[in-house]
Amino acid sequence: MKDVIHLIDSKKTGITELDIKSTEEKLNVDFPEQYKELFKLSNNAQVGEWTLFPIKDSKNLKRTWDDIVRENIGIRDEGMSAELISIGEDGTGDKLCFRNVGRVCENRIYIWYHETGLIEEIASSLKEFIISYSEEVEEDE
């Protein structure tokens with residue numbers, strides 16, 4: 001992930017493995033390695049219009065109170081399938097998600113559309129999503 005971190009808009013520092021493990025336990029999931037690598041480099045990254053939910057940072061609780069656990073347990077949309085783990089949002093109500101299969105989050109990235117409840121695979125991995133999204137932004141400029 002270090003090779004794509006320059007494509008991400010974030011000034012927030014990364015978090016520890018311990019914070020990641022704590023979040024995985026609360027959500028009863030194992031995140032993909034790329035996701036964990038990214039969050040060790042940058043917590044609450046912005047990829048285009050998508051904001052990735054932060055992982056609660058034990059050293060900075062105020063800035064990470066609206067974390068991925070809260071998004072998936074506390075204020076989760078009732079229409080979202082239980083197998084989806086919401087990892088980010090774009091401000092419209094649509095969510096960026098992993099699919100949780102037997103406690104293991106797949107590498108694939110999906111968009112869950114809040115108006116229809118449908119999901120669409122948009123990338124085979126987080127790294128592919130970051131790269132393809134940055135290429136789309138470059139084409140628009």
Side-chain angles (χ1 to χ4, degrees), residues 1-61 63-141:
M1 292 305 288
K2 288 181 181 179
D3 57 334
V4 297
I5 193 71
H6 68 280
L7 301 173
I8 296 169
D9 182 22
S10 179
K11 308 242 185 304
K12 297 189 173 92
T13 58
I15 54 170
T16 67
E17 181 75 30
L18 188 60
D19 290 327
I20 294 169
K21 285 284 178 212
S22 174
T23 298
E24 287 179 317
E25 288 172 13
K26 289 174 184 167
L27 292 174
N28 196 30
V29 300
D30 291 324
F31 292 125
E33 286 305 313
Q34 287 182 359
Y35 182 81
K36 293 190 251 189
E37 288 175 34
L38 173 63
F39 275 76
K40 288 177 188 175
L41 298 170
S42 176
N43 193 11
N44 196 212
Q46 182 91 22
V47 181
E49 75 243 13
W50 294 98
T51 301
L52 301 182
F53 300 127
I55 288 178
K56 186 138 343 243
D57 183 348
S58 57
K59 297 176 189 150
N60 196 351
L61 295 174
R63 288 187 177 244
T64 57
W65 72 272
D66 192 18
D67 70 323
I68 189 170
V69 173
R70 181 176 182 274
E71 289 292 332
N72 282 279
I73 295 175
I75 60 171
R76 183 179 183 86
D77 193 299
E78 291 179 19
M80 185 181 285
S81 169
E83 71 178 359
L84 296 176
I85 298 295
S86 177
I87 62 168
E89 65 183 350
D90 67 355
T92 68
D94 296 338
K95 305 288 185 184
L96 204 60
C97 302
F98 287 128
R99 183 173 278 170
N100 181 23
V101 179
R103 186 180 159 91
V104 177
C105 288
E106 296 178 337
N107 285 320
R108 292 181 184 92
I109 302 290
Y110 299 88
I111 294 178
W112 175 79
Y113 297 100
H114 77 284
E115 289 184 11
T116 63
L118 298 175
I119 63 169
E120 174 186 9
E121 181 180 333
I122 59 165
S124 63
S125 68
L126 184 58
K127 186 174 182 176
E128 181 186 294
F129 168 72
I130 293 166
I131 291 168
S132 67
Y133 196 88
S134 70
E135 288 171 354
E136 284 179 25
V137 170
E138 286 174 8
E139 288 173 11
D140 290 343
E141 292 177 349

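Position 1 is the first residue of the sequence; numbering continues from there.
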Roughly how far, to the nearest 0.5 Å, is the [atom2] atom of [Y] from the [atom1] atom of [X]?
{"X": "D30", "Y": "E25", "atom1": "CG", "atom2": "CD", "answer": "9.5 Å"}
{"X": "I75", "Y": "D66", "atom1": "CD1", "atom2": "CG", "answer": "5.5 Å"}
{"X": "D90", "Y": "L96", "atom1": "CG", "atom2": "CG", "answer": "8.5 Å"}
{"X": "N43", "Y": "F53", "atom1": "CG", "atom2": "CZ", "answer": "12.5 Å"}
{"X": "T23", "Y": "K36", "atom1": "OG1", "atom2": "NZ", "answer": "11.5 Å"}
{"X": "R108", "Y": "I122", "atom1": "CZ", "atom2": "CD1", "answer": "13.5 Å"}

Quick one: are [X] and [Y] in side-chain contact, heavy atoms under 4.5 Å?
{"X": "F39", "Y": "T16", "answer": "no"}
{"X": "I15", "Y": "I20", "answer": "yes"}
{"X": "N107", "Y": "L126", "answer": "no"}
{"X": "T51", "Y": "N44", "answer": "yes"}

Pair listing, ring-ring contact (aromatic ring centres under 6.0 Å, His included) test, anchored in residues 82-104, at least two apart: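 Checked against ring-ring contact (aromatic ring centres under 6.0 Å, His included) - neighbours excluded - the pairs reaching residues 82-104 are Y35-F98.
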Not counting sequence neighbours, list each pair that qualifies as a ring-ring contact (aromatic ring centres under 6.0 Å, His included) and has a residue in residues 67-94. none
Looking at residues at least two apart in the chain, or sitting in another chain, which of them share a side-chain hydrogen bond (donor to acceptor under 3.5 Å, both in side chains) with [X]?
{"X": "D57", "result": "none"}
{"X": "S22", "result": "none"}
{"X": "S81", "result": "none"}
{"X": "E71", "result": "none"}

Mind checking what makes side chain to side chain contact (heavy atoms under 4.5 Å, CB included) contact with [X], not counting sequence neighbours?
{"X": "L118", "result": "T116"}
{"X": "E115", "result": "none"}
{"X": "S124", "result": "E128"}
{"X": "K56", "result": "L61, T64, W65, D67"}

Would you tabulate the side-chain donor-acceptor contacts of residues 82-89 under 3.5 Å, counting partners in other chains and residues two or more places apart, or write 'none'?
from : atom 1 : to  : atom 2 : distance (Å)
E83  : OE2    : R99 : NE     : 3.1
E89  : OE1    : K95 : NZ     : 3.4

Over all atoms of both residues, closest heavy-atom pair of [X] and [Y]:
{"X": "C97", "Y": "M80", "result": "SG-CE, 4.2 Å"}
{"X": "C105", "Y": "V29", "result": "SG-CB, 3.9 Å"}
{"X": "Q34", "Y": "K127", "result": "OE1-N, 2.9 Å"}
{"X": "W50", "Y": "D94", "result": "CZ3-O, 3.7 Å"}
{"X": "N72", "Y": "R76", "result": "OD1-NH1, 3.0 Å"}

State which residues pass salt bridge (Lys or Arg N to Asp or Glu O under 4.0 Å) with E17; sequence neighbours excluded, sorted by chain then number.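 Once residues adjacent in sequence are excluded, the partners of E17 under the salt bridge (Lys or Arg N to Asp or Glu O under 4.0 Å) criterion are K40.
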Exercise: do Y113 and E120 side chains pair donor with acceptor under 3.5 Å: yes
